[in-house]
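Below, chains carry the letters A, B, ... as their sequence lines are ordered, and counting in each starts from 1.
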Number of protein chains: 2
Amino acid sequence: MGLRERKKEKTRLAILDAALDLFLEQGYESTTVEQIAGAVEISPRTFFRYFNSKDHLALWHHDHGEEIMLETLASRPEDESSFTSLMHAMRAVVGDLEGSTGEDRARFLKLRRLMEDHPRLVGMSVARGAATERRLIEVIAARRGVDPDEDMLTPLIVAFAACTLRVGFECPRRDSGLPEITQRMAETIELAERSLRPGWDR
Amino acid sequence: MGLRERKKEKTRLAILDAALDLFLEQGYESTTVEQIAGAVEISPRTFFRYFNSKDHLALWHHDHGEEIMLETLASRPEDESSFTSLMHAMRAVVGDLEGSTGEDRARFLKLRRLMEDHPRLVGMSVARGAATERRLIEVIAARRGVDPDEDMLTPLIVAFAACTLRVGFECPRRDSGLPEITQRMAETIELAERSLRPGWDR
DNA sequence: ATGACTTATGGCACACTGTGACAGAAAGGT
DNA sequence: ACCTTTCTGTCACAGTGTGCCATAAGTCAT
């Protein structure tokens with residue numbers, strides 16, 4: 001990886017960190033792109049080259065999470081039932097979080113505190129999740145050998161899986177640490193597995 | 001109801017109808033508030049007095065749906081299990097749709113076609129649903145006699161119910177008529193009920 | 001190093017959404 | 001008719017996001 005790309009990644013993280021701190025300090029709405037750009041000494045125009053919108057700052061982790069889920073899904077045995085595979089994909093996301101560096105954990109926790117204060121951001125996060133769901137539906141439909149436009153069970157399987165992860169993410173209390181959060185997420189996943197009738201995702 | 005309120009309601013619907021037609025004709029993003037306002041001969045400023053934002057146009061049905069769900073929920077017997085009550089609430093929304101006037105049905109179908117063309121609107125719709133979920137969680141937690149901040153099952157029950165309705169809504173194909181759509185929604189609800197282990201929502 | 005080539009950046013102009021403030025118009029009640 | 005309340009349009013403005021172009025910085029030869 002060349003100097004250029006490393007520098008870009010550094011700038012991207014600098015923007016993100018500056019933005020998160022400003023958001024937590026003075027609120028999301030009342031922080032302008034101009035301020036964020038100023039804090040990392042770039043022009044507002046350049047900001048929009050790193051993040052398509054101000055909102056995308058709050059969705060940073062989703063891209064990574066989606067990638068992990070798709071990778072995990074691809075690595076699961078063909079004959080495993082769909083929901084079980086999806087739950088493994090969800091666990092992989094939690095596992096990745098647990099194994100991440102201190103900086104990344106800090107970003108995650110800041111983001112989570114931010115969401116608690118700003119329901120609008122939760123909404124955007126959920127909306128981003130809907131895009132992921134569409135991709136997962138494609139994959140699962142292919143695995144199950146059904147037409148994604150005809151079958152009704154596939155979207156339901158994916159939706160149940162996706163909202164399980166979401167509930168696990170949103171559920172823990174405000175001042176939770178990361179171990180407590182991942183613990184809760186894992187528990188929620190188990191709870192979902194126990195709640196469904198065996199073989200429902202045949 | 002006075003003349004004033006009737007006129008307001010008429011204007012509100014006129015704006016909505018003009019907007020939906022423009023959206024379907026030339027796309028959501030490329031339709032400006034100015035155009036919508038022009039089509040119903042009001043000032044852009046007045047538009048924002050009827051709808052808080054352009055986006056709210058696409059969320060018009062959610063407020064009504066949420067109301068129906070909360071009402072239905074309140075009317076269900078205390079000892080009915082949570083998920084069952086929620087499924088009745090979802091069915092009430094479908095039932096209301098079936099019993100609505102021709103104009104309302106037309107709006108619903110236009111809205112649905114719009115969503116199919118614009119994933120961003122689906123995202124917003126999902127985000128709006130997240131707000132409804134929070135309210136439902138309060139109600140269900142009270143019914144189950146648990147602390148909504150501590151219990152993990154309540155959010156999961158509500159999330160499963162909410163995404164069942166959503167899947168039912170999104171699932172039908174592009175050119176479906178209303179009976180086909182409500183049929184699919186009802187089927188999805190039954191599918192969800194069959195998929196869950198009896199007593200999981202104790 | 002010097003050059004040529006590619007990519008990132010900043011500045012500018014611009015369109016669009018959304019809001020506050022104020023003045024005038026319309027509707028309501030008496 | 002009058003006064004009060006509510007709705008409306010106009011203006012000014014802040015903020016997000018994009019296209020365009022000139023310039024600066026990184027990259028890769030020779």
Side-chain angles (χ1 to χ4, degrees), chain A residues 1-16 18-23 25-60 63 114 118-121 123-125 127-128 131, chain B residues 1-16 18-23 25-60 63 114 118-121 123-125 127-128 131:
Chain A
M1 197 195 284
L3 168 70
R4 203 172 224 155
E5 290 187 45
R6 267 182 292 130
K7 189 179 173 185
K8 260 193 104 168
E9 207 50 35
K10 224 180 75 183
T11 307
R12 171 175 250 97
L13 290 176
I15 295 173
L16 181 62
L20 287 177
D21 288 336
L22 282 170
F23 289 161
E25 200 177 308
Q26 57 184 30
Y28 179 78
E29 320 279 352
S30 33
T31 302
T32 68
V33 170
E34 201 178 351
Q35 287 178 300
I36 300 167
V40 284
E41 305 191 297
I42 56 168
S43 74
R45 187 65 187 84
T46 299
F47 169 90
F48 285 108
R49 290 199 174 94
Y50 280 91
F51 294 90
N52 292 333
S53 75
K54 181 180 162 182
D55 293 346
H56 276 55
L57 286 165
L59 304 175
W60 196 68
D63 298 323
L114 203 56
H118 303 271
R120 208 193 128 227
L121 296 183
M124 285 175 14
S125 174
R128 174 66 179 82
Chain B
M1 199 195 284
L3 169 69
R4 204 170 226 156
E5 291 186 43
R6 266 182 292 129
K7 191 180 171 186
K8 258 192 104 168
E9 208 48 37
K10 223 180 74 182
T11 308
R12 170 175 250 96
L13 290 177
I15 295 174
L16 182 61
L20 287 177
D21 288 336
L22 283 170
F23 289 162
E25 199 178 307
Q26 56 184 29
Y28 180 79
E29 321 279 353
S30 32
T31 302
T32 68
V33 170
E34 199 178 351
Q35 286 178 300
I36 300 167
V40 284
E41 304 191 300
I42 57 169
S43 73
R45 187 67 186 87
T46 299
F47 169 89
F48 285 108
R49 290 199 176 94
Y50 281 90
F51 294 91
N52 292 332
S53 73
K54 180 179 163 184
D55 293 347
H56 276 56
L57 286 165
L59 304 175
W60 195 68
D63 298 323
L114 203 57
H118 302 271
R120 204 191 132 228
L121 295 184
M124 284 177 12
S125 173
R128 173 67 180 80

- Query: When all nucleic acid strands are considered with a 4.0 Å heavy-atom cut-off, which category describes A:Thr31: base, sugar-phosphate, or nothing?
  - Reply: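 Counting heavy atoms under 4.0 Å across all strands, the contact made by A:Thr31 is with sugar-phosphate only.
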
- Query: Going through the checks in order, is the side chain to side chain contact (heavy atoms under 4.5 Å, CB included) test met by B:Leu20 and B:Leu57?
  - Reply: CA-CA 8 Å; B:Leu20 287 177; B:Leu57 286 165; over 6 Å; no

Using the side chain to side chain donor-acceptor pair (under 3.5 Å) criterion, which residues pair with [X]? Sequence neighbours excluded.
X	value
A:Arg4	none
A:Tyr28	A:Asp55
B:His118	none
B:Thr32	none

What pairs with [X] under side-chain contact (heavy atoms from CB on, under 4.5 Å), at least two apart in sequence or on another chain?
X	value
A:Ala14	A:Val40
A:Thr31	A:Leu22, A:Phe23, A:Gln26, A:Gln35, A:Ile36
B:Ala127	none

- What are the bounds, 5' to 3', of the part of DNA chain C that sits under 4.0 Å from heavy atoms of chain B?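 First-to-last contact on DNA chain C, by the 4.0 Å heavy-atom rule, is C:dC16 to C:dG28.
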
- Task: Look at B:Tyr50 and D:dC7 and indicate whether a side-chain polar atom (N or O) is within less than 4.0 Å of OP1 or OP2.
- Result: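 Checking D:dC7 against B:Tyr50, no side-chain N or O comes under 4.0 Å of OP1 or OP2.
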
- Task: Not counting sequence neighbours, which residues clear salt bridge (Lys or Arg N to Asp or Glu O under 4.0 Å) with A:Glu29? List them please.
- Result: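 Listed in chain order: A:Arg120.
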
- DNA chain C base-pair string [pairs: Watson-Crick or G-U under 3.5 Å; |: paired with another strand]: |||||||||||||||||||||||||||.||

- With B for base contact, S for sugar-phosphate-only contact and - for none (protein heavy atoms under 4.0 Å), nucleotides 17-30 of chain D reads BBBB----BBS---

- Task: Tell me which of A:Ser30 and B:Ser43 sits closer to the 5' end of DNA chain D, going by the nucleotide each one is nearest to.
- Result: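 Taking each residue's closest nucleotide, the earlier one in sequence belongs to B:Ser43.
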
- Item | salt bridge (charged side-chain N to carboxylate O under 4.0 Å, His left out) partners of residues 34-49 of chain A, not counting sequence neighbours, each pair once |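 Pairs touching residues 34-49 of chain A that pass the test: none.
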
